[in-house]
Each structure stands twice: as C-alpha cells, then as structure tokens.
Amino acid sequence: MKKKNLTVNILKVFVIITGIFTLAAAVLTPAFVDHFLSVVYGITDGETVMPLSIYIWTLMLPFLCALWCVLRLCSIIAAGNPFSMQSVHELKVIIICCIAEVIICFAAEFIFKFYPFLLSTILVAVVCIVIAVFAAVLKELVGSAIHLREENELTI
Amino acid sequence: MINVNLDVLIAKRKISSGELAERIGITPANLSILKTGKAKAIRFSTLSALCRELDCQPGDLLEYIRTEEESKDD
C-alpha cells in the first residue's frame, strides 16, 4: 500500500510539473512564436504572432483540463477507491478534452490557414485521438471492474 | 426475481437478526442486504448455514417471483 501511494504521489508530481511547464509556456508563447516566425519563416511584421498565440493558448485549455482530470484520478486512486463512478467521469472528461483538441486543431487550420504547420497539426490530432482511444478503453475497463466489484460485494 | 423469505423464518425461530448473522458467520449488514432483496448472489455455504440455523429447506427460504421485465423478455 505504501509503495502504491508512493507511485501515485510520483505521478501527481509529474502531472503538477507538466502543468507548471504548460502555464510557463503559455506566458512565453508570444515571445516564442515571434522568435520562431522571424527565424524560420523570416516573418517580422508581428501580425501573425497574436493569432498563432491565441491558437496555441486555445490548444492548452483542453490539455490543462485533461491534466487536472489526471490529478483527480491520482487522488481517487490514493484514497483507495479507484473503481468508482468518479473515475469513469474523469476518464470521460479526458476523452472530451482530446476530441476538443482535435476539433480546435482542424478548425484553426481551416480558419487561419496555418498551412506551414499542417504537419504538426496532424501530429497533434493523431496523438489526441490515440489518447482518447486509450482513455475510452480504460473507461470501459473501469466500468466493467465496478460492475464486477458490485456483484462481488452483493454476493453474501 | 428471487425473493428471500428471511423475516418470516426468523420470526418463526424466535431469533434476532444479529444473533443469526453471528451464527452463520456474516455481518448484520450483509444479512440486511439479503433480507431487503438487494443481494445479487448467495454462496452455497451461506445458504447451507441459513438452512442449518433456521431448520428449513432452501425452498422455504427462496421463492421465485415472475416480474414484468422477465415477462417482456419472453
């Protein structure tokens, strides 16, 4: 039990560190974007910086939401109640966040026509779809486990 | 659905639920789950212990009642 809690606490620390890095990246996004556009594409007018920054910030929102859900999942596991409807709910939210990321990626691509970034957009979308599929499978697994546990608890 | 007629037999044998639970080796909470029909399954060992303490047959304890849902499945 102690070893399990240690693993869960380590996972929590990783999630918190990822969250902190994401927030730090959010603050530095306009500067990074400006530097990236000027160095790689030679764009120095500054007009593309804000739309691209807003796009990246919008992408960060579902990601941070999913990270929060993972943190709550770790807390649920640490509390000793992993097979509960709460876990299923958190996994459902993670799936929704992944789908939202895919929609944001392609919507921004069509609206702002960031064609030079099409490959990275596709890559982000594919990664999000894979995570959504894993989360969906895990949600079904936890759902089955809850059903089995209930059957076991109600077997006298 | 299966109905567990524990209340009737407990009253006949003049034994308390707590005492019965202790004798058959289950918690009073689990006995209450049996009595209220919330149990999903019963082990043969528990059924055997109940029959022993209540001096009855499994058929005295368990009763099949046809419900509307089961009628619709047919």
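No hydrogens, no waters, no symmetry mates; every other heavy atom, side chains included, goes into these values.
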Item checked: Atom CE of Met1(B) with >12 non-hydrogen neighbours under 6.0 angstrom -> yes
Note to self: Restricting to non-hydrogen atoms, name the atom on Thr155(A) and the atom on Arg43(B) that form the minimum distance, rounded to 0.1 Å.
What the structure shows: O-NH1, 3.4 Å
Next item on the list: Identify which part of Ile26(B) has an atom lying under 4.5 Å from any heavy atom of chain A, answering side chain, backbone, both or neither.
Entry: side chain
Check: Which atom names give the shortest non-hydrogen contact between Thr46(B) and Ile156(A), and what distance separates them?
Finding: OG1-O, 3.2 Å
Next item on the list: Report the distance from atom NE2 of His147(A) to atom NZ of Lys40(B), rounding to the nearest 0.5 Å.
Entry: 6.0 Å
Check: So with a 6.0 Å cut-off around CD of Glu22(B), is the heavy-atom count from everything else above 12?
Finding: no
Next item on the list: Tell me, yes or no, whether the heavy-atom count around Phe83(A) atom CZ, taken from other residues, nucleotides or ligands under 6.0 Å, exceeds 12.
Entry: no
Next item on the list: Consider only side-chain heavy atoms of I, L, V, M, F, W and Y, link residues closer than 4.5 Å, and tell whether Val124(A) and Leu119(A) are in one cluster.
Entry: no
